[in-house]
Amino acid sequence: MVALYDREHDLIRFPYCADEQLAQLTPRRPGQGYIEQVLHSGKPLLLTPRGAEPMGWDATQGPAQSWLGVPLYCDQQLCGVLAVKSYLPDQLYRYRDQELLECVANSIGTTLARIQTTEALQSAYAELEQRVRQRTSELDAVNAQLAFDSLHDSLTKLPNRAYFAKTLRHSWEAYRQGQGSCFAVLFIDLDRFKLVNDTLGHLVGDQLLFEAGARIRACPGPDDFLARLGGDEFAVLHQQTNSLDACEALARDIVATFDRPVILAGREVFSTASVGVVLADRTHYHKADDLLRDADHAMYCTKQQGHGYTLFNHQLRINQADQLALESELRRALEHTDQLLPYYQPFIDAKTGALVGFETLVRWQHPTRGLIAPSLFLPMAEESGLITRLDRYMITAACHQLKAWLDAGRVRPDCTLHVNLSSANFHQPELVDWMAGVLAASQLPPKPCCIWKSPKVR
């Protein structure tokens, strides 16, 4: 038999036992048998009828005539016992048998050491593989999170502008090559978001954006693609549609979802939405980005009207191109003196009928378009940043005209001049010094002849 001592559980186990009179041995606690003597002493034990009487558990296992046990060492550590037992009186063990059994025990110990080393290596490899799998799983999770973060908005968890542009280009190429269905792009902008953000703080503004994303998400169909482009701008890729009626219905749903107030910081806040809609068309478009541009332009047209939605059409495309051309022509007009003309509205004293002043109004005498009303080019000048140049152009021209009238005696010395200014001028710290320079160059006194004001209507 081979008996191994399990130190961790304090058991003697029998991995091998071949005995004609004994059944298979089961693990047991150490007692007072021959095996325990060998384990305790670490030396061989040879028993014959001339020796001591059997004791311990072996005394109950039949009339053994001889018993021989030698210690098993594994890596120089006592780990068990190799034992043989004879039931025949003419087969008694001698010291030569002990030497032979010790050689066998050494071989078994070497094998056990090799097995334990192999098991330890296998366990180490298994543990290493488990760690590698765990680290790989963690790395995959981190990479997946990084990939998600790179394509999604951190606040609303909606796809971001980059993800929307990629999806839009894919849908456009499929549609352009006849492999995909027609689609539409809806550009959505929240109205009065800046007021909420500046009044109630950025945290409340973030809550409004999150709620807006949730409300818009509930409107499109399951195949549609919603993204937050940045700030308070959202976009929807309305898939599988070639009908403006379906686009218009979706735009109405998005606008209507903001009819309900949003509870922010314990108060009701109403925020409307302006929507621009454009339908994919191979005739007028060559790039996917042009669709988003025109949807943005349609949204801007909506904002000029208040809120709601606007469907981009051919006329808007013409107006858009015309507006760009008009902006370029305005830049050139500011470099000449024969197009942007000051018109003077007289102020009459109701009691005396005397002329007491003028209000200077700008008019654009275009060489080919004719007289252009201020309502057409002033909003464009505000948006493009040309308004400050236009204001200063008119101030200079009006001051020179007033000086000419004073020198000619056509107006009284106390006649006042009113010039409208855009609020953009008041962000420029050199405004006062510049005005003083114009008055000095025109040889006009700062009071009472010149009064500057910024009215709502020019």
Side-chain angles (χ1 to χ4, degrees), residues 148-149 151-168 171 183-241 243-280 291-312:
F148 181 88
D149 292 342
L151 295 175
H152 291 78
D153 172 50
S154 59
L155 175 62
T156 62
K157 305 305 178 184
L158 293 173
N160 58 16
R161 179 181 286 271
Y163 196 1
F164 184 84
K166 178 181 177 181
T167 307
L168 176 61
S171 298
F183 62 93
V185 177
L186 287 78
F187 197 104
I188 307 159
D189 186 272
L190 301 184
D191 302 319
R192 301 170 66 247
F193 171 73
K194 187 177 184 304
L195 176 62
V196 174
N197 208 38
D198 294 344
T199 304
L200 302 180
H202 293 282
L203 182 60
V204 175
D206 289 345
Q207 295 175 2
L208 176 58
L209 290 174
F210 186 85
E211 175 66 19
R215 292 190 180 188
I216 298 173
R217 187 190 290 116
C219 297
D223 297 329
D224 296 340
F225 191 83
L226 169 64
R228 181 191 175 198
L229 303 183
D232 59 345
E233 297 177 345
F234 298 83
V236 175
L237 192 62
H238 189 32
Q239 301 281 16
Q240 299 180 357
T241 181
S243 169
L244 282 176
D245 293 338
C247 300
E248 192 172 2
L250 177 57
R252 281 197 301 267
D253 290 343
I254 294 175
V255 173
T257 193
F258 288 93
D259 291 341
R260 295 179 287 109
V262 181
I263 307 300
L264 300 174
R267 67 177 67 183
E268 288 186 346
V269 176
F270 288 88
S271 178
T272 56
S274 295
V275 183
V277 184
V278 61
L279 189 65
L291 291 167
L292 188 61
R293 177 204 63 199
D294 286 350
D296 186 11
H297 179 69
M299 182 277 299
Y300 179 76
C301 293
T302 305
K303 274 193 173 296
Q304 290 180 325
Q305 302 166 5
H307 71 278
Y309 64 90
T310 299
L311 303 177
F312 192 87

Tell me if a side-chain donor or acceptor on Asp191 pairs with a main-chain N or O of Ser271 at a distance below 3.5 Å. no
Minimum heavy-atom distance Arg215-Arg260, with the two atoms named: NH1-O, 2.8 Å
For the student: nearest non-hydrogen atoms of Ala273 and His307, plus distance: O-CB, 3.7 Å
Tell me the closest heavy-atom pair linking Ala235 and Leu229, and the distance in Å. CB-CD1, 3.7 Å
Does a sphere of radius 6.0 Å around CZ in Phe193 hold more than 12 heavy atoms from other residues, nucleotides or ligands, not counting ones at 6.0 Å or beyond? yes
Considering all heavy atoms, the nearest Pro261-Phe270 contact: CB-CZ, 3.4 Å
For the atom pair NZ (Lys194) and CG (Asp232), what is the distance rounded to the nearest 0.5 Å? 11.0 Å
Test side chain to side chain contact (heavy atoms under 4.5 Å, CB included) on Asp153 and Phe234; report intermediate values, then the result. CA-CA 11 Å; Asp153 172 50; Phe234 298 83; over 6 Å; no
To the nearest 0.5 Å, tell me how far Gln207 CD sits from Leu209 CG. 10.5 Å
Starting at CG of Leu226, measure out to OG1 of Thr167 and round the result to the nearest 0.5 Å. 11.5 Å
Heavy-atom nearest pair, His238 first then Ala246, reads NE2-O, 4.2 Å
Please report the interatomic distance CG(Leu168) to CZ(Phe225), rounded to the nearest 0.5 Å. 10.0 Å
Measure the CG-CG distance between Leu203 and Leu208 for me, rounded to the nearest 0.5 Å. 11.5 Å
Flag, side chain of Thr302 to backbone of Val275, donor-acceptor distance under 3.5 Å: yes
Give the minimum heavy-atom separation between Lys303 and Ser274, together with the two atoms involved. CG-OG, 3.5 Å
Inter-residue atom distance Phe258.CZ - Leu190.CG, 0.5 Å rounding: 5.0 Å
